[in-house]
Amino acid sequence: YSADASATIVFDNLEDGVYKYIGVTVTDISDNESRPLYIPNFTVDTTAPEISEQTPVPATTNINPSYVFNSNEIGTITISDASFTATNNDTPIQQNIIVTPTDVIEGPNTITFTNLGLGKYSDISFKVIDRAGNLSTDISDISFDIVAKPQLTMITPIPESSSDLTPSFTFNTGLAG
């Protein structure tokens, strides 16, 4: 090699794991050895994250419901699919679903679906991508309803004065059921 020669070293068939403290030296034709050049630590990761549902979203009046899932790796959420049916319309429509945070830790993760309207949300699915770019399988078919809060309205009040020993009143909740 000349003084400005470069060389490439290719590691072959490395197993998953962390590689550190790897030093490279060269020896010239006079048998003089260089000081070591240490390669920065690196990780080989070919394993996809594993994710699973921990706590589903119940029917709620909260327009920012939470969902809890587990991951065995650090990564980032990517929403794969979602559909939404409005309360006054039975036709599902595709809707972009926003979740926060999108960063995933190892262990339980709580994400929040943000600024949703009233209606049925279904077929929501997402994956986690780890730092090496490996993609988990989907958590799919997440479904929940955002329902209106009951609005109580008095229809027939109890009279202020009555000889009735079993008074009653009538009210409306604003919701069927």
Side-chain angles (χ1 to χ4, degrees), residues 6-26 34-150 175 177:
S6 63
T8 300
I9 296 175
V10 176
F11 297 100
D12 192 26
N13 294 323
L14 295 178
E15 294 182 13
D16 279 17
V18 177
Y19 293 85
K20 43 183 156 175
Y21 311 117
I22 298 173
V24 176
T25 60
V26 294
S34 69
R35 288 188 290 196
L37 170 66
Y38 289 97
I39 299 168
N41 299 341
F42 64 95
T43 301
V44 174
D45 175 7
T46 61
T47 305
E50 294 177 14
I51 59 176
S52 61
E53 180 177 82
Q54 181 174 328
T55 307
V57 178
T60 182
T61 58
N62 182 352
I63 64 168
N64 299 303
S66 294
Y67 177 83
V68 182
F69 70 97
N70 287 305
S71 177
N72 71 337
E73 286 193 55
I74 294 170
T76 304
I77 292 173
T78 179
I79 296 288
S80 309
D81 197 11
S83 63
F84 163 70
T85 304
T87 54
N88 59 354
N89 182 354
D90 289 332
T91 305
I93 57 174
Q94 291 299 113
Q95 176 178 339
N96 289 333
I97 301 289
I98 299 169
V99 298
T100 55
T102 56
D103 293 332
V104 175
I105 61 169
E106 186 176 334
N109 289 266
T110 300
I111 57 173
T112 302
F113 297 97
T114 56
N115 297 321
L116 302 178
L118 298 180
K120 296 181 181 296
Y121 292 82
S122 61
D123 302 325
I124 299 169
S125 58
F126 69 90
K127 297 178 182 185
V128 170
I129 301 170
D130 69 14
R131 292 187 281 189
N134 301 308
L135 197 58
S136 73
T137 56
D138 277 339
I139 287 183
S140 58
D141 299 328
I142 300 169
S143 299
F144 54 90
D145 295 336
I146 306 290
V147 297
K149 292 180 182 180
L175 300 174

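Arg131 pairs with exactly one of Asp45, Ile74, Thr43 by the side chain to side chain contact (heavy atoms under 4.5 Å, CB included) rule, that one being Ile74.
When every heavy atom of Asn64 is checked against every heavy atom of Thr112, the shortest pair comes out as O-CG2, 3.4 Å. Between Gly117 and Ile146, the closest heavy-atom pair is O-CB, 3.4 Å. Minimum heavy-atom separation, Leu135 to Ala48: O-CB, 3.3 Å. Considering all non-hydrogen atoms of both residues, Ser34 and Thr25 come closest at OG-CA, 3.6 Å. The nearest pair of heavy atoms linking Ile51 to Lys127 is CD1-CA, 4.2 Å.
Between the side chain of Ser122 and the main chain of Ser143, no donor-acceptor pair closer than 3.5 Å is present. Between the side chain of Asp130 and the backbone N or O of Ala132 there is at least one donor-acceptor pair closer than 3.5 Å. The closest donor-acceptor contact from the side chain of Asp16 to the backbone of Thr46 lies under 3.5 Å.
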Would Val68 and Asn109 count as a side-chain contact (heavy atoms from CB on, under 4.5 Å) here? Give the steps.
CA-CA 5 Å; Val68 182; Asn109 289 266; over 6 Å; no
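By the neighbour-count criterion of 12 heavy atoms within 6.0 Å, atom CZ of Phe11 is densely surrounded, having more than that number from other residues, nucleotides or ligands. For CD of Gln54, the number of neighbouring non-hydrogen atoms (other residues, nucleotides, ligands) closer than 6.0 Å is greater than 12. Atom CG of Leu14 has more than 12 heavy atoms from other residues, nucleotides or ligands within 6.0 Å. A 6.0 Å sphere centred on OH of Tyr38 holds no more than 12 heavy atoms belonging to other residues, nucleotides or ligands.
With contacts defined as side-chain heavy-atom distances shorter than 4.5 Å, the pair Asn134/Pro49 qualifies.
The OH atom of Tyr121 sits 10.0 Å away from the CG atom of Asp145 when rounded to the nearest 0.5 Å. Interatomic distance, CD1 of Ile9 versus CG of Leu37, reported as 8.5 Å (0.5 Å rounding). We find the CG-OG1 distance between Leu116 and Thr60 to be 10.0 Å, quoted to the nearest 0.5 Å. To the nearest 0.5 Å, the span separating CD1 on Ile139 from OG on Ser125 amounts to 10.0 Å. Rounded to the nearest 0.5 angstrom, Ile105 CD1 and Asn70 CG are separated by 9.5 Å. With rounding to the nearest 0.5 Å, the separation of CD1 in Ile124 from OG in Ser140 is 11.5 Å.
Between Phe126 and Phe69, the distance from one ring center to the other falls under 6.0 angstrom. Between Tyr67 and Phe144, the gap from one ring centroid to the other reaches at least 6.0 Å.
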